[in-house]
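Only one structure is covered here, and it is reproduced in the block below.
In what follows, chains carry the letters A, B, and so on, assigned in the order in which the sequence lines appear, proteins first and then strands, with residues in each chain numbered from 1.
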There are 2 protein chains.
Amino acid sequence: MSVSIDNFLKNIYLLNQETAGAVTSSNLAGRLEVSVAAVTDMARKLGKQGLVDYKPYKALNLTERGNELALKIIRKHRLWELFLHQVLGLDLLSVHQEAERLEHHTSDELMNHISRFLGHPDFDPHGDPIPGIGGDVPSEKGVIPLTEILENQQCIVKKLRYRNSETSDMYDRYGLMTGLVLRVIRVFPFDGSIEVKYEDGSEVVLSGKLASNVFCVRK
Amino acid sequence: MSVSIDNFLKNIYLLNQETAGAVTSSNLAGRLEVSVAAVTDMARKLGKQGLVDYKPYKALNLTERGNELALKIIRKHRLWELFLHQVLGLDLLSVHQEAERLEHHTSDELMNHISRFLGHPDFDPHGDPIPGIGGDVPSEKGVIPLTEILENQQCIVKKLRYRNSETSDMYDRYGLMTGLVLRVIRVFPFDGSIEVKYEDGSEVVLSGKLASNVFCVRK
DNA sequence: TTTTTATTTTAAGGTTGCTTAAACTTGTTA
DNA sequence: TAACAAGTTTAAGCAACCTTAAAATAAAAA
């Protein structure tokens with residue numbers, strides 16, 4: 001299984017999750033940073049191999065086998081992230097970049113060693129679920145965007161979406177991290193921004209866009 | 001830097017060390033498991049890039065820059081080996097196979113984290129020296145083959161050469177590992193085999209060939 | 001319904017790292 | 001010294017994965 005195929009399958013899966021909609025060639029091409037033609041080629045090829053359900057001009061879907069492979073890669077990615085963060089102390093941004101490469105070059109055996117070392121964890125340091133060996137994805141029941149928390153309710157941050165250099169800076173600026181306890185003070189309908197209070201008593205206003213990427217459970 | 005180039009440089013370095021002689025295209029081809037023609041191609045290409053000193057029909061040598069790169073890869077390989085063995089408990093054979101892939105996909109930064117985590121070690125679990133960030137190779141002064149130890153002398157095993165499924169089985173069979181203390185009881189000049197005594201009092205005879213791959217320091 | 005626009009596919013071609021087979025060097029042997 | 005054997009290089013070609021540009025299709029607007 002080549003790195004290209006790995007990434008192709010993985011990103012169909014992720015794109016499907018994130019947008020909850022049809023995965024198009026151009027979406028995927030943008031995400032993989034290759035031409036749309038390259039996506040068509042690969043889709044047809046993996047269609048023949050029974051990993052992707054490919055019909056010309058139609059949305060891309062994984063077959064059951066394709067899904068299994070995608071989950072395997074994602075398992076490796078997220079276990080590496082947690083390991084590098086927890087054991088070696090890498091920051092959340094580096095952790096993603098390293099995992100992005102290591103995930104393709106790690107045997108199932110090594111990954112299981114790492115999983116055992118970590119106590120078979122369910123979530124990575126970004127709050128994303130780590131698929132099990134059998135492909136079962138830990139449930140994120142009750143995890144909702146911060147924007148759905150009502151005024152005066154408390155919640156615990158579970159997940160910060162889309163970690164990249166831009167969002168990472170924002171998260172750091174506001175001290176947002178998984179496990180943080182917040183109370184929603186006010187919601188401003190005007191622009192969707194949300195005023196929250198930290199446990200230490202300090203208060204800040206988060207933009208609606210930022211808040212929609214912060215996921216939490218009600219307390 | 002591609003995996004192929006990494007491996008090309010690394011194996012010129014290692015072959016040079018091991019045979020202490022000229023590295024030929026066919027030697028290298030055998031080791032890399034590619035055709036001789038592929039080696040010629042790559043040699044010419046890396047010659048142009050200033051990483052290999054290439055002259056047609058002559059032995060292959062690394063330039064200074066090529067040497068630096070080779071040492072960087074070897075550093076990564078050996079740090080991974082030690083880490084996987086010491087921290088995750090993988091056996092010495094798996095450790096090599098995993099490192100063989102991970103070495104090409106690990107950033108310098110991650111490697112430095114691992115090195116720090118391990119306390120900047122000097123030797124990997126096979127007893128091979130781990131090059132430093134600056135490319136300095138820890139000295140193996142006083143490390144000699146077991147065949148050079150005289151009768152009735154004691155020594156400490158420092159290194160078991162050529163770990164593969166064949167040798168590994170032998171090493172396991174005789175309980176040979178780095179750190180082991182041995183006393184040479186008798187040398188049989190007939191076939192070069194050597195009788196040794198373990199610390200627990202048990203005695204075995206090692207073949208001359210096996211003994212020549214066991215390296216140690218006098219005690 | 002026809003036309004326009006956006007998206008997708010096809011076609012042709014490039015690069016990398018490999019292959020086999022033929023041609024060529026080199027060094028040794030007769 | 002001529003010829004041979006071993007080893008090396010060159011030549012031609014292949015597969016994977018990508019590119020750009022032209023052709024085809026689908027979906028939306030007129």
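Along DNA chain D, read 5' to 3', the first and last nucleotides having any atom under 4.0 Å from a heavy atom of chain B are dG7(D) to dT10(D).
Side-chain atoms of Ala38(B) lie closest to dT19(C) of the nucleotides dT16(C), dT19(C), dT8(C).
Taking for each of Ile5(A) and Pro56(A) the nucleotide of DNA chain D with the nearest heavy atom, the 5'-most of the two is the partner of Ile5(A).
Annotation: side chain of Leu14(B) is in contact with side chain of Glu18(B) (closest heavy-atom distance under 4.5 Å).
With rounding to whole Å, Tyr57(A) atom OH is found 17 Å from dA6(C) atom P. Atom P of nucleotide dT9(C) and atom CG of Leu60(A) are separated by 8 Å, given to the nearest angstrom. Between the P atom of dG27(C) and the NZ atom of Lys58(B) lies a distance of 6 Å, rounded to the nearest Å. Atom CZ in Phe8(B) sits about 11 Å away from atom P in dG17(C), given to the nearest Å. The distance between atom CG of Asp41(A) and atom P of dA11(C), rounded to the nearest whole Å, is 11 Å. Computed from coordinates, the His104(B) NE2 to dG17(C) P distance equals 13 Å when rounded to whole Å. When rounded to the nearest whole Å, the span between CZ of Arg44(B) and P of dT16(C) equals 14 Å.
Every residue was checked against the side-chain hydrogen bond (donor to acceptor under 3.5 Å, both in side chains) condition with Thr178(B), not counting sequence neighbours, and none meets it. Annotation: side-chain hydrogen bond (donor to acceptor under 3.5 Å, both in side chains) contacts of Ser212(B) (sequence neighbours excluded): none.
With no hydrogens or angles considered, a side-chain donor-acceptor pair links His104(A) and Asn7(A) at under 3.5 Å. For the residue pair His113(B) and Glu109(B), no side-chain donor N or O sits within less than 3.5 Å of a side-chain acceptor on the partner.
Under the salt bridge (charged side-chain N to carboxylate O under 4.0 Å, His left out) test applied with Glu103(A), the options Arg75(A), Lys76(A), Lys10(A) reduce to a single match, Lys10(A). Each of Ile5(A), Thr63(A), Leu9(A) was checked for a side-chain contact (heavy atoms from CB on, under 4.5 Å) with Val52(A), and the lone residue meeting it is Leu9(A).
Proximity of Ser2(B) to the phosphate of dG17(C): a side-chain N or O atom is located under 4.0 Å from OP1 or OP2. Considering only side-chain N and O atoms, Thr24(A) lies nowhere under 4.0 angstrom from the phosphate OP1 or OP2 of dT7(C).
Note on Val36(A): a base of the nucleic acid sits closer than 4.0 angstrom, heavy atoms only. Thr40(A) comes within 4.0 angstrom of a nucleotide base, judged by non-hydrogen atoms across all strands. Ser4(B) comes within 4.0 angstrom of the backbone, heavy atoms only, and of no base.
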